[in-house]
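A short write-up of the structure that comes next.
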There are 2 protein chains.
Amino acid sequence: MQQVEAYLRERRDEHLRQLMDFLRIPSVSALSEHRSDVRRAAEWLAAELRRIGLNRVEVMETGGHPVVYAERLDNPGGPTALIYGHYDVQPVDPIELWTTPPFEPDIRDGKLYARGASDDKGQVFMHLKVIEALLAAEGRLPVNVKLLIEGEEEVGSENLERFIAAHRDLLKADVVVISDTALYARGVPSLTYALRGLAALEVHVIGAKGDLHSGAFGGAAPNAAQALVQLLATLHRPEGGVAVAGFYDQVRPLTPEEREGFAALGFDEEKLKADLGVDALPGEPGYTALERLWARPTLEINGIFGGFQGEGTKTVIPARAGAKITCRLVPDQDPERVLDAIEAHLKAHCPAGVRLEIRRMGGTPAAITPIDHPAIRAAMQALSDAYGAEARFIRTGGSIPVVGTFGAVLGTPCVLMGFSLEEENFHAPDEHFHLENFDLGMRALSRFWHYLAEGMK
Amino acid sequence: MQQVEAYLRERRDEHLRQLMDFLRIPSVSALSEHRSDVRRAAEWLAAELRRIGLNRVEVMETGGHPVVYAERLDNPGGPTALIYGHYDVQPVDPIELWTTPPFEPDIRDGKLYARGASDDKGQVFMHLKVIEALLAAEGRLPVNVKLLIEGEEEVGSENLERFIAAHRDLLKADVVVISDTALYARGVPSLTYALRGLAALEVHVIGAKGDLHSGAFGGAAPNAAQALVQLLATLHRPEGGVAVAGFYDQVRPLTPEEREGFAALGFDEEKLKADLGVDALPGEPGYTALERLWARPTLEINGIFGGFQGEGTKTVIPARAGAKITCRLVPDQDPERVLDAIEAHLKAHCPAGVRLEIRRMGGTPAAITPIDHPAIRAAMQALSDAYGAEARFIRTGGSIPVVGTFGAVLGTPCVLMGFSLEEENFHAPDEHFHLENFDLGMRALSRFWHYLAEGMK
């Protein structure tokens, strides 16, 4: 272990120069003019993987941007980890708000500024350097490792599910390791063990054949906008929380240990209010804001529309109105069952005189890896050791669909061992990565592989 | 009387040719390219008024399109009527849906097709021909008559209130007579004795400083769209009717006679449902649909908006959402008091975590002329005689702001003696006017002036 850390310490400048080369490639997956750059980033990765000693390195076609695959199976019969990450990056607009150009990496105040520095090229690169150091110092890796680095994460991983399904045997593993999430806060080693899922639908309320004049028909004709607000208002309880029958039926309750762990993080609700510019944080009663964000499902109206939206006044009775709705789901909610419950609720509460059109837009389940899973314990130990402080269990309120895909298609649990910080401007100008987490993260990852090998023996 | 009717009968073809000349002028007030046509229509009217024997005929400037004024004061000390109408017309788009061109009048099946045939050039012209016939047959008019024919009714009569206020003495009258409303149905002589008023406001709900990611903040951050639907849903009672405290306080109840009169019209609620394509006519309990349309106030959401309205899904928590609201008012509701009540209700029901911006857009009171007013009785008698059937009292659910202006500025009650039919496509392609009502309407108007002279002696 000391040899590995010495290797990384001694070659730090060289490694940062290599990472900067990787970051200079503008692999913006959303923009067709960068198509060849995206491929160039894949080729760069493949070449580096070959150079450091991975086997079967291949740039594989997906129908969209390619994935890079590599493996090193030093332990026949031993545990296998699949490292997932992405080499594509977000667009850079508004370009004028960058202090230094997004594809000319710059280090200032111990932070590396560039598009992709934290999301996710920097973290993918850390895995490569840890493998390189382990191979250099020990001649072999403690566990079998496969890498699947994709180029379409920032455009919704459109082709990935099909690719994974088509390569089940190739990708077979005991655990997936992903470094694409954030620490709880600076200096707080923390491991994300659960994500929320998603379920989406649209509801349209239809009244008369067409919009009507409120003078001629107001008082007798159904108003689709009014019916919509009456209908949508029934979805939540007046005191907060979702009023849909069955909505919470499958929710896995937080354990007392989890609640204690969350409470110990000292989440600052007053700071959140100030950050958002609001005087209350409304939500489901009986839970702290952090519990609601991480471990309770929600039903959000994302958009609402109907009737006249222009300047001034138009005395119209809208014939149509609608809303877009998404739910954040938690373990063990089934997205289809949640959508069934909402659809049944909407139909049961449809006001007189109007009819509904409901469009289900699908969903993805939440993901959770049991905190006593050997891979989770190995990661927690590695984080605690590397950072010199006890690692914390955290969740995230967001969703990473690929985690659901790994669970659903491969049946493989995920370890979300990420090293970015929420304030690092991923998807925004001046994206950066704190180099303290580059160093401590690699220290944690190199220990992790050893602990994983022991824990999963 | 017989002489007057004979005069109209004998000159019918000549009169229709004159009306067609008037209709050929494309006096579309909304379109600047027709500015000179609008003035040409005013000049045409003024010339015709001079020709038939009116005095003090003048095309008067308003800042926008001009008004035409004329008078004939044959009865010193006798009652004076102010005839109001408009010579401007609606735009003609979609032009391709017209069977014959909108400004090339055509008679088919006893109906005169042209833009403005019923709204309102045809009805203004009827007044001119009745005056012409009375003067020809009797040498004088039974009452003093003033005419105020404007050119901006179809664009909201923007300059009229100021014009009326600036010419109080010139326009002083005992009663205003307007022929710009519809009969209850074909063959049913009927008089509109009340109009609804209007009050308008916008409400905006504001949550966080900006739109938020529902993964990161869903469960703790206020959702402006959700708060809006909760807020708006409180405006109506679940069983129908407006839930705003004080909303109905000033409403003048229908008399038993009025309710009987409405019921006797045999309004067909099933037909209305079929016409609208709905299976219910929701509204305030305890009133028939016709009573709700004509004599009960409403609160309508005319438009609703907030958050993401595009294709697909966006997991956003909207920071802002809003609605446009108008109320149809009935006698004796004060628009400002109604807006006060709604504003107080909205503030009292504002959900936690959001704040409101309320924009009041003003209003206009309802109008009613007592059914025992001598002018109303004269009109009812004239209609019954001309149509050979007992005239009916009707109301309309719409608003004619100028009626409120005459009441507010001049203190003059209005008689709404209109001869169009709802199915005559005003504001739409193939506008037309049933010539049976051209004939019977002039017969009614010529009698009306005599009955008015007697009734107001």
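Naming: A, B, ... by sequence-line order, numbering from 1 per chain.
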Check: Does B/G307 offer a backbone N or O that forms a donor-acceptor pair with the side chain of A/N302 under 3.5 Å?
Finding: no

Notebook entry, point to check: Could you state the interatomic distance from NZ (A/K324) to NZ (B/K314), rounded to the nearest 0.5 Å?
Noted result: 11.5 Å

Notebook entry, point to check: Between CG of B/L232 and CD of A/Q230, what distance do you get to the nearest 0.5 Å?
Noted result: 10.0 Å

Check: Is the side chain of B/R328 donor-acceptor paired with the backbone N or O of A/G218 at a distance under 3.5 Å, no angle test?
Finding: no

Check: chain B: which of A/A289, A/G306, A/G397 shares the most heavy-atom pairs with it under 4.5 Å?
Finding: A/G306

Check: Out of B/G310, B/G283, B/A200, which one racks up the most heavy-atom pairs below 4.5 Å with chain A?
Finding: B/G310

Checklist line | Winner by heavy-atom pair count (cut-off under 4.5 Å) against chain B, out of A/T288, A/T298, A/V354, A/T396 | finding: A/T298

Notebook entry, point to check: Which heavy atom in A/A352 sits nearest to a heavy atom in B/P282, and how many Å separate them?
Noted result: O-CG, 3.8 Å

Next item on the list: Find the distance between OG1 (A/T313) and CD (B/E202) and round it off to the nearest 0.5 Å.
Entry: 7.0 Å

Notebook entry, point to check: So which of A/E422, A/M361, A/Q309, A/R292 has the biggest tally of heavy-atom pairs under 4.5 Å with chain B?
Noted result: A/Q309

Notebook entry, point to check: With respect to chain A, which residue among B/G240, B/P238, B/G210, B/G312 yields the maximal number of heavy-atom pairs within a distance under 4.5 Å?
Noted result: B/G312

Checklist line | Rounded distance (nearest 0.5 Å) linking atom CZ of B/F308 with atom CD1 of A/I304 | finding: 15.0 Å

Notebook entry, point to check: Can you name the closest pair of heavy atoms from B/A216 and A/L293 and give their distance?
Noted result: O-CD2, 3.4 Å

Check: Where on B/L272 is there a heavy atom nearer than 4.5 Å to chain A: the side chain, the backbone, both, or neither?
Finding: side chain

Check: Checking heavy atoms, do the side chain of A/L198, its backbone, both or neither come under 4.5 Å from chain B?
Finding: side chain

Check: Which bit of B/D211 is near chain A, if near means a heavy-atom gap under 4.5 Å: side chain, backbone, both or neither?
Finding: neither

Margin query: Heavy-atom pairs under 4.5 Å with chain B - which of A/G322, A/A233, A/A208, A/A220 has more of them than the others?
Written below: A/A220

Item checked: Atom of A/A280, atom of B/P222 and distance for their closest heavy-atom approach -> O-CD, 3.9 Å

Check: Between A/R296 and B/G219, is there a donor-acceptor pair closer than 3.5 Å when you use the side chain of the first and the backbone of the second?
Finding: no

Check: Atom CG in A/L276, atom CZ in B/F217: separation rounded to 0.5 Å?
Finding: 5.5 Å

Margin query: Can you confirm whether A/L228 sits close enough to B/V229 that some side-chain heavy atom of one is under 4.5 Å from a side-chain heavy atom of the other?
Written below: no

Notebook entry, point to check: So what's closer than 4.5 Å to chain B heavy atoms on A/L299: side chain, backbone, both or neither?
Noted result: backbone

Note to self: If I measure from the heavy atoms of chain B, does A/L212 come under 4.5 Å with its side chain, its backbone, both, or neither?
What the structure shows: side chain

Notebook entry, point to check: With respect to chain A, which residue among B/V316, B/I325, B/T326 yields the maximal number of heavy-atom pairs within a distance under 4.5 Å?
Noted result: B/V316

Margin query: Taking side chain as everything from C-beta outward and backbone as N, CA, C, O, which of these in B/L201 sits under 4.5 Å from a heavy atom of chain A? Side chain, backbone, both or neither.
Written below: neither

Check: How long is the span from the CD1 atom in A/I301 to the OG atom in B/S214, to the nearest 0.5 Å?
Finding: 12.5 Å

Checklist line | Backbone of B/T315 reached by a side-chain donor or acceptor of A/E300 within 3.5 Å | finding: no

